Each structure stands twice: as C-alpha cells, then as structure tokens.
Amino acid sequence: MVKFLFVLHIFYFLSGIMTVEASAYIREENGTANESSPQAEVESTITVGAPDKHTLHAYSALLYDAEAGRILYEKNGYEVLPMASTTKIMTLLVVLENTNPEDIVTVSKNAAVQPDVQLNMNTGEQYYVKDLCYSLMLESHNDTAVALAEHVGGSVEGFAAMMNAKAKVLGAYSAHFVTPNGLDANGHGITAADLAKIAAYAIKQEEFRTITTTSSYSFTELTKGRNFIINNKNAFLHMMDGAVGVKTGFTGKAGYCFVGALEREDRLLVSVVLASGWPPNKAYKWSDTKALMNYGLEAFHKLPLVNNTETLPKLPKLPVTDGQKDAVTLKYDPECVEALLNTRLLLTGNEKIECIPEFSKNRLFAPVETGKEVGTLVVKIDGQCIQKIPIQTAEAVVPVDYAFYLNRIVNHFFSGKAFNTLRQLFP
C-alpha cells in the first residue's frame with residue numbers, strides 16, 4: 001500500500017500539479033501584506049505644540065493617557081531616577097490592598113524617629129490604618145509611612161518587597177523601592193514612564209482617589225486622645241478644572257517631583273515631573289505640570305485608531321503540506337476587528353499608524369482546522385504597539401489520501417494534461 005501511494009504521488013508530480021512551495025505563495029499573495037496600512041489622512045487638529053524640552057524645568061517629564069495606557073509625551077521618561085515622596089503612591093496602594101482600614105497600628109521607635117516631614121508620633125501610640133492613610137498622602141508624613149509599612153509588611157524591608165512585587169504586577173519593571181516614604185536611599189528609583197503607570201492604576205481605585213482628593217481630615221490617637229487636623233498640600237488640585245491628584249515630593253537628591261492627574265469628560269491624563277528644580281524654585285513643578293496637561297487637553301482629540309476594514313492589510317494564503325488544498329485562506333478574528341474599529345484614542349491626527357501582519361509559521365501541515373491562530377496583526381502608533389489582532393485560518397484542510405490521489409490522476413488523465421506533461425519530458 002505504501003509503495004502504491006508513493007507511485008501515485010510520483011505520477012501526481014509528473015502531472016504538473018505538485019504542492020506549491022511556500023515562497024511562491026508569499027511572493028504572489030503577500031504583495032503589500034508586510035507594508036503598513038496607515039490610517040486615512042486626518043486633518044491636523046493640533047492647536048498647541050508639544051512642550052519644548054528645553055523650556056521644561058524638569059529633567060524628566062512625561063504625559064500619559066491613563067485610559068489607553070499610552071505615553072503621549074516624554075522627556076528622559078525612561079531613565080531611572082529618585083522620586084522622593086511620590087513613592088507614597090505605591091505605599092498607599094499596598095496598604096489599601098493588604099490591610100483593613102479599622103486595623104490598629106502601634107508606633108515603633110523606628111517610625112517615631114523618622115525625619116521631617118512628621119506627624120510627630122510617639123513610640124507606643126496607636127492609630128487606625130484609615131487615619132494614617134490620610135496623614136500619609138495629605139501632608140506626606142514620613143513617620144506615618146514607616147509605621148504603616150511595619151504594620152503591613154512586618155518591617156520596612158518586608159514592605160519594600162511587597163511594593164516591588166506590586167510594581168511588577170503593574171508592569172513597572174524599572175521600579176525599585178527601598179523605603180516606604182521616598183527618603184533618599186541607594187537604589188531607590190523608577191522611571192517617569194513606570195511611575196505614570198502606577199499612578200494611572202492608583203487613581204482608578206475609589207478609596208485611593210477619595211483619600212488623595214480630600215481637602216482636610218481630622219482624627220484622634222487611640223491611647224492618649226491627641227487630636228490632629230491635616231490639610232492637603234497638593235496645590236495642583238486647585239490649579240486646573242478636573243484635577244484629581246496625586247502626590248508631591250522633594251529630597252535633596254530627587255529635587256522637586258510631582259505626579260498629577262486630571263480628568264475631563266473624554267480623557268484621564270497623568271503627568272510626571274522629576275527633578276523639576278531645587279530650592280528656591282518650588283513652583284517649577286507646577287508650571288511644568290500645567291504645560292504637560294494643557295498639551296494633553298488642547299493637542300489631542302478622540303479619533304478612530306482605524307477607520308475601516310479596507311485599511312487593514314490583505315492577508316496572503318498560507319501554504320499547506322500534504323493537504324487536499326495547497327494553501328489555506330486566512331482571516332482576522334472578527335470580534336477583535338470589531339473592537340479595533342470601535343477603538344478611539346487620544347490622537348493629534350499626525351501620528352504614524354501601522355498595521356503589520358506577523359506570522360508564527362510560513363507553512364502548515366494537514367490537517368488544518370478552521371480558526372487556527374497562525375499569527376497576529378500588530379497595530380502601532382509611532383512605533384509603539386497598541387493592539388494585537390489574531391490572524392486565523394478561514395477554512396479547514398484535510399490530509400491527502402488514496403482516493404484524493406486517484407481522483408486527481410483520473411481527472412488529469414482524461415483532461416490530457418498528463419500526456420502533455422509526458423511529451424514535454426520525452427520530446
């Protein structure tokens with residue numbers, strides 16, 4: 001039987017209908033498949049230019065679309081730098097996710113001796129976690145940060161490990177937290193890009209936003225009854241309509257730092273400025289932040305990422321070995337295409353939008369099932385991957401068998417193609 005099948009295969013070859021090689025299909029069918037399919041031209045809607053990197057005071061600055069997870073502007077945004085008390089954004093996140101607001105924190109000697117800015121706790125005093133969360137964020141108390149860290153993580157080192165683990169979960173791989181309060185320490189740092197990513201996650205948490213947007217808060221220590229009234233030191237909350245955070249910071253090594261957030265009807269923006277001057281230039285961080293936010297508000301508009309399916313690259317056929325069809329047709333996952341067509345992002349209209357098919361294999365082997373994923377369509381904005389659409393087989397291909405070969409031989413014999421092939425081989 002094996003010999004018979006081999007003979008049939010040889011005859012099939014002589015009939016001139018042997019399986020087509022992958023390269024032929026790629027050349028013939030792919031055409032412009034690997035070329036970009038840019039978005040239809042959109043008239044520029046820019047009404048304000050990007051901030052001049054030379055006029056921004058901050059050494060590192062970044063503007064982030066918190067809804068799409070996309071960087072809209074950056075200046076040294078991928079350089080790891082100290083970030084001072086903006087560290088406390090992560091401190092609060094870890095506290096909120098790993099303890100109960102009504103838990104009681106007992107202040108250690110280590111917490112009580114932390115340098116300014118302080119709540120001025122005393123060793124042995126007790127406070128509710130909830131109250132200390134406001135102390136942490138509204139007035140940036142360093143003793144509070146350590147007290148919370150020791151309560152949640154068992155030690156500052158244990159809590160730092162929790163902070164670093166959470167950063168990895170959020171995709172902030174540059175982050176390395178050593179302290180919960182952001183005081184200068186060897187190795188303590190992050191990029192503006194990753195700090196924006198953490199802040200974007202944080203401001204979507206209801207309890208986090210409630211705390212950081214509160215104007216003032218009062219509470220009482222539990223053992224001696226000392227009363228405290230604290231006020232929010234984040235002046236940005238009153239500088240722009242829609243401001244929702246987030247955190248200031250300063251150390252001698254980090255300079256003035258600020259992470260801001262602003263929400264309008266159709267956008268949620270996060271800004272980061274690091275090393276935005278040193279004393280006496282305390283206001284630089286505000287002017288830098290407003291420049292970034294104004295750029296985000298005026299230059300960007302919600303536009304479709306892809307206008308229609310005609311802008312997507314035409315897919316080639318993918319060769320199939322030992323199948324009753326030489327190649328299989330391909331398609332984009334229809335649900336993902338629909339989602340892509342409904343995607344609207346903050347764009348200026350001048351971005352370079354590319355749709356590039358990438359295939360995991362250049363040939364399949366029968367049998368081939370319908371809907372088998374064979375690659376992805378990568379959608380990029382100015383080189384940054386924004387979305388991926390699965391590429392699938394649009395049909396099934398069954399393997400060759402005896403009946404298939406016999407049927408093809410009979411058809412070719414009576415069509416005269418076999419004799420023409422033989423005459424060419426033996427003139």
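Counting begins at 1 with the first residue of the sequence. For clarity, every value in this text was computed on a predicted model and none was experimentally measured.
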Quick one: pull up NZ in Lys130 and CG in Asn100 and give me the separation to the nearest 0.5 Å.
11.0 Å
Dump the intermediate steps for side-chain hydrogen bond (donor to acceptor under 3.5 Å, both in side chains) on Asn232 and Tyr217, then the final yes or no.
CA-CA 8 Å; Asn232 200 323; Tyr217 185 81; over 6 Å; no
Listed partners of Thr123 passing side-chain contact (heavy atoms from CB on, under 4.5 Å), at least two apart:
Lys109, Ala112
Pairs satisfying salt bridge (Lys or Arg N to Asp or Glu O under 4.0 Å), at least one member in residues 200-227, at least two apart:
Glu125-Arg226, Arg209-Glu263
What residues form a ring-ring contact (aromatic ring centres under 6.0 Å, His included) with Tyr201, not counting sequence neighbours?
none
SG on Cys355 to CG on Leu340, rounded to 0.5 Å
6.5 Å
Under the side-chain hydrogen bond (donor to acceptor under 3.5 Å, both in side chains) criterion, do Thr220 and Asn227 qualify, and how do the steps go?
CA-CA 4 Å; Thr220 301; Asn227 296 316; 2.8 Å; yes
Sequence neighbours excluded, which residues qualify as side-chain contact (heavy atoms from CB on, under 4.5 Å) partners of Ala61?
Leu56, Ala58, Lys75, Val273, Leu292
Quick one: list whatever passes side chain to side chain donor-acceptor pair (under 3.5 Å) with Tyr173, sequence neighbours left out.
none
Residue from Tyr127, Tyr134, Tyr128 passing side-chain contact (heavy atoms from CB on, under 4.5 Å) with Phe219:
Tyr127
Just to verify, what does Glu338 make a salt bridge (Lys or Arg N to Asp or Glu O under 4.0 Å) with, not counting sequence neighbours?
none
Quick one: list whatever passes salt bridge (Lys or Arg N to Asp or Glu O under 4.0 Å) with Lys53, sequence neighbours left out.
none
Contacts satisfying side-chain hydrogen bond (donor to acceptor under 3.5 Å, both in side chains) that involve residues 183-199 (not counting sequence neighbours) are Thr87-His188, Ser174-Thr191, Ser174-Asp194, Asp184-Thr251
Go through the structure and list residues passing side-chain contact (heavy atoms from CB on, under 4.5 Å) with Glu79, not counting sequence neighbours.
Tyr59, Asn76, Leu81
Test Ser85 against Lys88 for side-chain hydrogen bond (donor to acceptor under 3.5 Å, both in side chains), laying out the working first.
CA-CA 6 Å; Ser85 284; Lys88 292 173 176 131; 2.9 Å; yes
Partners meeting salt bridge (Lys or Arg N to Asp or Glu O under 4.0 Å) with Arg264 (sequence neighbours left out):
none
Distance-only donor-acceptor pairs under 3.5 Å for side chains of residues 366-390, two or more places apart:
| residue | atom | partner | partner atom | Å |
| --- | --- | --- | --- | --- |
| Thr370 | OG1 | Ala396 | N | 3.2 |
| Asp382 | OD1 | Lys352 | N | 2.8 |

Would the distance check show the side chain of Asn142 and the main-chain N or O of Gln118 forming a donor-acceptor pair, the cut-off being under 3.5 Å?
no
Taking the six-membered ring for Trp, are Phe236 and Phe258 ring centroids under 6.0 Å apart?
yes
CG of Leu237 to CG of Leu262, rounded to nearest 0.5 Å, is 10.5 Å
Answer yes or no: is there a donor N or O on one side and an acceptor on the other, between the side chain of Asp143 and the main chain of Gln114, under 3.5 Å?
no
My understanding is that only residues two or more places apart in sequence, or in another chain, count here; which of them pass ring-ring contact (aromatic ring centres under 6.0 Å, His included) with Phe208?
none
